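Structure, as structure tokens:
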Amino acid sequence: MSAGSEMSGPVSPGPALPVCAALGLVSLLCFMAGFGTGVEFVRFLSFGALLRNISEGSEGESPLLWRDAIGDSQFLRSLGINVALLLVFVFQHSLMAWPPLKEWVIRVFGVLQRSVYILCTAVSLQIMMRYWQSFPSGPFLWNVPTAPWSTLFPVICALLHTISWLLIFSVLLIFDYAELMGIKQVYYHCFGMGDPLSHKSPRAARLYAHLRHPVFLELLVILWVVPSLPPDRLLLASALTLYVSCVHRLDVQDYSYLRSQLEKKFSLFTREEASADRETLWKND
């Protein structure tokens, strides 16, 4: 018998109310940390790259050349700090998803495993964003310092970033956000309902097994479509592209399921809107 079928059996009594309250409080705090860090990460990836001045140097100052930067000890030190910050994030994000360590965390923290994962991810991201070293004076892999592109191209980038983030948020509509952030696991545990994943369909369970980063193309647009590409952005975009490429395992069946679920979500919204329109007409009559 599979683990999923075992967990979807009879409902068992949940823990005592004080225990449930404590678990709920911890999961809620981890959720708030994860959500707040996600908002800050949007600012870090998009707003920082789009709203800052392209060169941020004084007027008439030429950007630093690559051959000069490579020989600059301060440049190499800052680049090394960024590499270390990225390694911390990737190491934490991957190691805690490694099955042996994941099982150990479950044994130690129980139903709070997902919440602990979200909290640790939030901490590693906060460290990376807090100590990230920027290179406002270049050198640049590309840059658009002359009019009219110095104004027009950032607007185009901002539009593409907005569309990409909206697509990312629409994908979140398909998934159970409370489960993704570790809240639903605590809720089910307190009511003795087992693992939320055991209540999902085989197609959903298959998707969750493959799912790490479902918004691959949109993330690539956000990382690479920027008005200028200094060394820190080049390093960030290259490292995250390589990392996401290695863990991106969705196939045709997964995309088919995603599409069907998204269509169902939109049909629900359409029915609710139609019902509201009919109710308004009925009241007017």
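In this text, all values refer to a predicted model and were calculated from it rather than measured experimentally. These numbers come from the heavy atoms of this one structure, side chains and all, not from hydrogens, waters or symmetry mates.
Taking 4.5 Å as the limit, some side-chain heavy atom of Val83 sits within range of a side-chain heavy atom of Leu87. Inter-residue side-chain proximity for Ile168 and Ile222 is flagged as met; some heavy-atom pair is nearer than 4.5 Å. Side-chain atoms of Thr121 and Tyr117, non-hydrogen and from C-beta on, do get closer than 4.5 Å to each other. Taking 4.5 Å as the limit, some side-chain heavy atom of Gln113 sits within range of a side-chain heavy atom of Lys102. Side-chain contact between Ile81 and Trp132: absent, with no pair of heavy atoms (C-beta onward) separated by less than 4.5 Å. Side-chain contact between Phe135 and Leu79 is present, with heavy atoms from C-beta onward closer than 4.5 Å. Contact of the Met128 side chain with the Asn82 side chain is not registered, since no non-hydrogen atoms from C-beta on lie closer than 4.5 Å. Residues Pro139 and Pro231 have side chains in contact (heavy-atom distance under 4.5 Å, counting atoms from C-beta outward).
Rounding to the nearest 0.5 angstrom, the gap separating the CD1 atom in Ile118 from the OG atom in Ser27 is 11.5 Å. Within the model, atoms SG of Cys120 and CZ of Phe89 stand 12.5 Å from one another, a figure rounded to the nearest 0.5 Å. Considering CG of Leu240 and OH of Tyr243, their distance stands at 9.5 Å, rounded to 0.5 Å. The structure places CE of Met129 at 7.0 Å from CZ of Phe41, a figure rounded to the nearest 0.5 Å. Interatomic distance, CZ of Phe153 versus CH2 of Trp142, reported as 7.5 Å (0.5 Å rounding). From Leu235, atom CG reaches atom OG of Ser78 across 11.5 Å, with rounding to the nearest 0.5 Å.
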Task: Derivation of the side-chain contact (heavy atoms from CB on, under 4.5 Å) call for Thr162 and Leu166 - done: CA-CA 6 Å; Thr162 301; Leu166 289 176; 4.2 Å; yes

Task: side-chain contact (heavy atoms from CB on, under 4.5 Å) between Tyr188 and Val111, worked out - done: CA-CA 9 Å; Tyr188 272 49; Val111 73; over 6 Å; no

Open item on the list: Using the rule given for side-chain contact (heavy atoms from CB on, under 4.5 Å), can you reason through Phe35 versus Met32, listing the C-alpha separation, both sets of side-chain angles and the distance that settles it, and then say yes or no?
Closed with: CA-CA 5 Å; Phe35 184 81; Met32 293 173 61; 5.8 Å; no

- [ ] Applying ring pair (Phe, Tyr, Trp, His ring centres under 6.0 Å), run through His161 and Phe47 and close with a yes or a no.
- [x] CA-CA 9 Å; His161 278 231; Phe47 292 100; 8.9 Å; no

- [ ] For the pair Ser124 and Gln92, evaluate side chain to side chain donor-acceptor pair (under 3.5 Å) and give the outcome as yes or no after the intermediate values.
- [x] CA-CA 7 Å; Ser124 65; Gln92 174 274 322; 2.9 Å; yes

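When all heavy atoms are compared, the tightest approach of Ile70 to Phe75 is N-CD2, 4.4 Å. In plain terms, the two heavy atoms of Ser238 and Leu234 that are nearest each other are OG-O, 2.7 Å. Taking all atoms of both residues into account, the shortest heavy-atom contact from Leu112 to Val26 is CD1-CG1, 3.9 Å. In this structure, Met181 and Arg114 approach most closely via the heavy-atom pair C-CG, 4.3 Å. Nearest heavy atom pair, residue Cys157 against residue Pro227, reads SG-N, 3.9 Å. For the residue pair Ala122 and Ala33, the shortest heavy atom distance occurs at CB-O, 3.8 Å.
Taken together through direct or relayed side-chain contacts under 4.5 Å among Ile, Leu, Val, Met, Phe, Trp and Tyr, Ile183 and Leu17 form parts of separate hydrophobic clusters. Both Trp224 and Val226 belong to a common hydrophobic cluster when Ile, Leu, Val, Met, Phe, Trp and Tyr are linked at side-chain heavy-atom distances under 4.5 angstrom. Cluster annotation: Trp98 is connected to Val108 through the hydrophobic network of ILVMFWY side chains, with a link wherever side-chain heavy atoms come within less than 4.5 Å. Both Val221 and Leu152 belong to a single network of hydrophobic side chains, linked directly or stepwise wherever heavy atoms of I, L, V, M, F, W or Y lie under 4.5 Å apart. Taken together through direct or relayed side-chain contacts under 4.5 Å among Ile, Leu, Val, Met, Phe, Trp and Tyr, Val123 and Phe44 form part of one hydrophobic cluster.
A donor-acceptor pair is defined here as one N or O able to donate and one able to accept, closer than 3.5 Å; such a pair exists between the side chain of Arg233 and the backbone of Leu45. For the pair Ser46 (side chain) and Arg43 (backbone), a donor-acceptor distance under 3.5 Å is absent.
No more than 12 heavy-atom neighbours from other residues, nucleotides or ligands sit within 6.0 angstrom of OH on Tyr187.
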